[in-house]
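Take a look at the following structure, please.
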Amino acid sequence: MPRIRAATITDVPAIHDLLETYASKGNLLPRSMNEIYRHLRDFFVIEVNGQIAAIGALEIFTEDLGEVRSLVVADAYERRGLGRQMVERIVTEARQIGLRRLMALTYVPAFFHKLGFQTVGIDTLPEKVWGVCVKCYKYNNCDETAVVLELR
Ligand SMILES: CC(C)(COP(=O)(O)OP(=O)(O)OC[C@H]1O[C@@H](n2cnc3c(N)ncnc32)[C@H](O)[C@@H]1OP(=O)(O)O)[C@@H](O)C(=O)NCCC(=O)NCCS
């Protein structure tokens with residue numbers, strides 16, 4: 001398995017480019033360079049042959065709830081287990097921190113179901129809705145599925 005590691009400052013342009021590529025396809029939200037710098041400590045990366053092949057972040061809302069954010073496996077590396085490796089790393093981190101639940105908003109609930117997450121109503125996640133969704137351009141017509149993993 002390729003090595004997974006915490007992101008470093010020199011990874012920011014590659015993280016930004018991957019997010020831009022998938023945001024323009026509508027898969028996930030874009031994030032500015034500035035936002036990535038501010039949240040860099042949330043990010044993990046998987047490198048394959050010196051290239052960033054996958055990224056993912058753990059964002060914390062409350063003592064109760066964290067989120068898998070900005071999860072991308074580059075096209076060329078899909079379906080090789082990197083997405084699973086990334087989410088499992090984030091789950092381990094969330095457990096170590098002591099979070100009770102981990103959520104994601106996604107267009108690929110089937111991938112998260114494979115990793116033990118269950119689909120829930122977005123109304124069960126007020127921290128996400130009031131912290132992030134209210135600022136999102138899709139707020140009134142969000143078409144993503146909310147999934148949750150109970151950690152304890
Ligand atoms: C979704 C994504 C992260 C999956 O990563 P991946 O590395 O291809 O997935 P893995 O190879 O680790 O797959 C793990 C399991 O999920 C399944 N799976 C992967 N993608 C799937 C999909 N789109 N639909 C259904 N199941 C899927 C795999 O078959 C595998 O199942 P198995 O363990 O029974 O063999 C990746 O396709 C991606 O980055 N997509 C574009 C961005 C995106 O949508 N990100 C999610 C934002 S929340």
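Bear in mind that the values here come from a model prediction, so they are computed numbers and not experimental data. When a ligand or atom number is given, it counts from 1 through the structure's own listing order. Side-chain atoms are counted along with the backbone in the values below, which use heavy atoms only and exclude waters and symmetry mates.
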Ligand 1 to Val73 polar contact by distance, N or O atoms, under 3.5 Å: yes

So which of Arg69, Glu88, Arg79, Glu67 gets nearest to atom 8 (O) of ligand 1, if we judge by its closest heavy atom? Arg79

Working to the nearest 0.5 angstrom, can you tell me the gap between Ile46 CD1 and Ile52 CD1? 9.5 Å

Please identify which atoms of ligand 1 are closer than 4.0 Å to at least one heavy atom of Thr106. 48 (S)

For atom 9 (O) of ligand 1, what's the nearest protein heavy atom and its distance? Phe111 CE1, 3.6 Å

Name the residue from Leu149, Val68, Val147, Leu125 that meets the side-chain contact (heavy atoms from CB on, under 4.5 Å) definition with Met103. Leu125

Using a strict cut-off of 4.0 Å, indicate which atoms of ligand 1 neighbour a heavy atom of Glu78. 8 (O), 36 (C), 37 (O), 38 (C), 40 (N)

Between ligand 1 and Leu105, can you find any atom pair, the residue atom being a heavy atom, that is separated by under 4.0 Å? yes

With clusters defined by side-chain heavy atoms of hydrophobic residues (ILVMFWY) lying less than 4.5 Å apart, directly or transitively, does Phe44 cluster with Tyr77? yes

Are Pro2 and Gln85 close enough that some pair of their side-chain heavy atoms sits under 4.5 Å apart? yes

Strictly inside 4.0 angstrom of atom 2 (C) of ligand 1, do you find any protein heavy atom? no

Hey, does the Lys NZ or Arg CZ of Lys114 hover above the aromatic six-ring of Phe111, less than 6.0 Å from the centre and inside 45° of the axis? no

Any atoms of ligand 1 less than 4.0 Å from a non-hydrogen atom of Arg80? List them with their elements. 11 (O)

Side chain or backbone, does Leu28 bring an N or O within less than 3.5 Å of an N or O on ligand 1? no

Check for me whether Tyr107 has a heavy atom closer than 4.0 Å to any atom of ligand 1. no

Euclidean distance, Thr145 OG1 relative to Tyr107 OH, rounded to 0.5 Å: 9.0 Å

Going by distance only, is there an N or O of Gly81 that falls short of 3.5 Å from an N or O of ligand 1? yes

Does any part of the side chain of Ile15, heavy atoms only, come nearer than 4.5 Å to the side chain of Leu40, both counted from C-beta? yes

Atoms in ligand 1 flagged as close to Ala110, the criterion being non-hydrogen separation under 4.0 Å: 25 (C)

Val148 vs Gln118 side-chain heavy atoms within contact, under 4.5 Å: no

Which atoms of ligand 1 have any heavy atom of Val72 under 4.0 Å away? 39 (O)

Do Arg69 and Arg31 have side chains that approach each other closer than 4.5 Å (heavy atoms only, starting at C-beta)? yes

Answer yes or no: is there a side-chain heavy-atom contact under 4.5 Å between Ile97 and Leu58? yes

Do Gly83 and ligand 1 have an N or O pair less than 3.5 Å apart? yes

From the candidates Gln85, Lys114, Met86, Arg84, the one that places a heavy atom nearest atom 33 (O) of ligand 1: Arg84

Heavy atoms, side chains only, cut-off 4.5 Å: are Asp75 and Tyr22 in contact? yes

Please check if a non-hydrogen protein atom sits closer than 4.0 Å to atom 35 (O) of ligand 1. no

What part of Val108 sits under 4.0 Å from ligand 1 if we count only heavy atoms: the side chain, the backbone, both or neither? side chain

